[in-house]
There are 2 protein chains.
Amino acid sequence: MRPADDRVRLKKEGGRYHHGNLKDALVLAAERSIAKSGSTDLPLRDVAKLAGVSHAAAYRHFVSKTALLAEVAVRGFASLKEKLLAAVEVAKAPDARLIELGVAYVTFALESSGSFRVMFDSALKPFTQFPGLAEAAAESLAVFQRVVKEAADAGALRSDDLNGSVTSAWALIHGHAVLLLDDHLALGVEDAATSARGTMRRLVDGLRAR
Amino acid sequence: MRPADDRVRLKKEGGRYHHGNLKDALVLAAERSIAKSGSTDLPLRDVAKLAGVSHAAAYRHFVSKTALLAEVAVRGFASLKEKLLAAVEVAKAPDARLIELGVAYVTFALESSGSFRVMFDSALKPFTQFPGLAEAAAESLAVFQRVVKEAADAGALRSDDLNGSVTSAWALIHGHAVLLLDDHLALGVEDAATSARGTMRRLVDGLRAR
DNA sequence: ATCTGATGTTGCCCATGGAAACATCGGTGG
DNA sequence: CCACCGATGTTTCCATGGGCAACATCAGAT
């Protein structure tokens with residue numbers, strides 16, 4: 001019996017020795033597990049078990065458990081960036097684009113809570129110790145910077161302190177997301193987008209050029 | 001020789017078997033340790049060692065390591081509440097009081113970063129599982145509610161959605177504190193209060209009655 | 001002075017992150 | 001073709017750390 005046949009047979013029977021795409025499977029399993037437990041402090045052994053593999057197998061793809069979390073974060077930031085970019089497209093008015101950006105940020109935090117929790121977990125500090133993480137994070141933040149700058153250029157927001165405006169917008173919506181995720185706001189998930197929009201609107205009013 | 005004398009003598013010689021105030025010492029040690037490491041995931045054994053005691057001694061005062069963290073959080077919320085109340089006093093104008101509240105929040109987060117990290121650590125969720133924790137947290141938030149309400153009553157802020165305004169104020173300054181603590185804002189500690197004031201001012205502008 | 005409950009200590013167990021040594025697979029060059 | 005080899009997984013082992021249990025020490029009450 002030839003090796004290729006073995007592979008097919010083993011795959012069909014589910015008894016294969018090599019996984020085939022373990023790295024992705026581990027990242028996915030970690031995301032899901034964290035989303036369910038609400039904690040980034042998950043046993044690597046459990047993640048491996050979810051992927052149908054022994055715990056030590058993870059070390060063929062990640063130098064450490066933290067490195068696995070870092071990969072979750074990198075992919076999370078990439079996904080967040082895409083969601084933010086997509087959200088910005090749907091609005092025309094420059095200030096409305098900033099508001100939609102905030103709504104998308106909160107929506108991402110709730111829908112991809114596993115990723116979001118890891119992305120801002122202190123275990124990954126400093127980001128520079130994991131290749132690609134700092135860049136991925138910076139690219140997400142860059143969307144905030146671009147949208148604020150465009151709104152200011154269009155005269156919709158004051159432009160005397162762009163960095164300050166960016167920081168305020170990020171801090172506001174990040175705080176909203178974090179408090180929502182940790183159940184500190186007495187809000188159902190269904191009200192999350194609405195409250196996020198209201199919060200962003202209030203800030204945008206404050207940022208408006210006078 | 002009376003017992004009280006024994007205690008004094010033993011304290012001076014440092015060779016005492018019983019600690020005398022271990023509970024407080026453990027809480028203090030945990031705060032400091034977390035502030036230094038930047039992580040709430042600290043070995044209980046290290047905390048006990050800092051308090052000069054074996055690790056199992058902690059279980060005479062806390063049912064679990066998490067319960068110790070909960071006590072840190074309860075005291076942290078109590079301390080935060082005091083700081084917020086004190087800060088509110090220094091300003092006269094209702095909207096300025098809200099701004100000072102935010103500055104004090106960030107200042108607390110930086111100066112008591114160990115406590116602050118624990119207070120918002122997901123390991124303590126839900127707060128109701130630890131006696132006193134939910135109440136302590138609610139009392140801190142109540143300061144936000146009171147200050148916003150007073151500003152609205154004085155006509156300094158719009159009063160059509162008080163809960164929304166409170167949420168925005170808390171989310172904004174909480175996000176600012178969190179991002180600062182985790183080095184996501186390119187700001188030195190010395191600029192923290194200034195940037196917090198600027199951020200709060202922007203939001204208050206948006207909350208202002210029109 | 002002794003007894004007792006509160007407080008600490010030592011020793012143990014078990015879960016978990018990580019290293020090491022071995023097993024298996026799949027592609028590649030003789 | 002097939003024997004080898006690098007990649008990927010498994011098993012086994014160790015160290016760390018939370019938590020329990022049994023024992024030690026102390027302080028106040030009787």
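Just so we're clear, the structure is a prediction, and the values are computed from it rather than from any experiment. In what follows, every chain begins at residue 1, and chains take the letters A, B, ... in the order their sequences are listed.
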Which residues share a salt bridge (Lys or Arg N to Asp or Glu O under 4.0 Å) with [X], sequence neighbours left out:
| X | value |
| --- | --- |
| A:Arg201 | none |
| A:Lys83 | none |
| A:Asp153 | A:Lys149 |

Stretch residues 118-130 of chain B: residues that reach within less than 4.0 Å of DNA chain C through a heavy atom =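 Output list: empty, so none.
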Numerically ordered, the residues 61-75 of chain A set in heavy-atom contact under 4.0 Å with DNA chain C is A:Ser64, A:Lys65
Those residues at least two apart in sequence (or on a different chain) that pass side-chain contact (heavy atoms from CB on, under 4.5 Å) with A:Ala35 are A:Ser113
(request) Any pair with a residue in residues 39-71 of chain A that passes ring pair (Phe, Tyr, Trp, His ring centres under 6.0 Å), sequence neighbours left out, goes on the list, sorted by first then second residue, please. (result)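 Passing the test, one end in residues 39-71 of chain A: no pairs.
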Here the distance between atom C1' of C:dC14 and atom CG of A:Asp46, to the nearest Å, is 14 Å
Roughly, in whole Å, what's the span from CG in A:Leu22 to C1' in D:dT8?
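Atom-to-atom, A:Leu22 to D:dT8, this comes out as 9 Å.
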List the atom pairs, with distances to 0.1 Å, where a side-chain N or O of residues 117-128 of chain B and a protein N or O form a donor-acceptor pair under 3.5 Å, not counting sequence neighbours.
| from | atom 1 | to | atom 2 | distance (Å) |
| --- | --- | --- | --- | --- |
| B:Arg117 | NE | B:Gly38 | O | 3.2 |
| B:Arg117 | NH2 | B:Leu181 | O | 3.2 |
| B:Arg117 | NH2 | B:Asp182 | OD1 | 2.5 |
| B:Asp121 | OD1 | B:Ala123 | N | 2.6 |
| B:Asp121 | OD2 | B:Thr40 | OG1 | 2.1 |

Self-check item: Contacting residues from residues 27-41 of chain B, given that a heavy atom lies under 4.0 angstrom of DNA chain D
Solution: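 Residues of residues 27-41 of chain B that come under 4.0 Å of DNA chain D do not exist, since none gets that close.
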Side-chain donor-acceptor pairs under 3.5 Å in residues 96-106 of chain A, sequence neighbours left out?
| from | atom 1 | to | atom 2 | distance (Å) |
| --- | --- | --- | --- | --- |
| A:Arg97 | NH1 | A:Ala91 | O | 3.0 |
| A:Glu100 | OE1 | A:Arg197 | NH1 | 3.1 |
| A:Glu100 | OE2 | A:Arg197 | NH1 | 2.4 |
| A:Tyr105 | OH | A:Trp170 | NE1 | 3.0 |
| A:Tyr105 | OH | A:His174 | ND1 | 2.9 |

Is it the case that atom CG in B:Asn163 sees more than 12 heavy atoms from other parts of the structure closer than 6.0 Å?
no
- Residue pairs passing the side chain to side chain donor-acceptor pair (under 3.5 Å) test where at least one lies in residues 136-148 of chain B, sequence neighbours excluded: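 Those involving residues 136-148 of chain B are B:Lys81-B:Glu139, B:Arg146-B:Glu150.
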So the salt bridge (Lys or Arg N to Asp or Glu O under 4.0 Å) pairs with at least one residue in residues 21-36 of chain B (sequence neighbours excluded) are B:Asp24-B:Arg75
| Side-chain donor/acceptor contact of A:His55 with base of C:dG17 under 3.5 Å | no
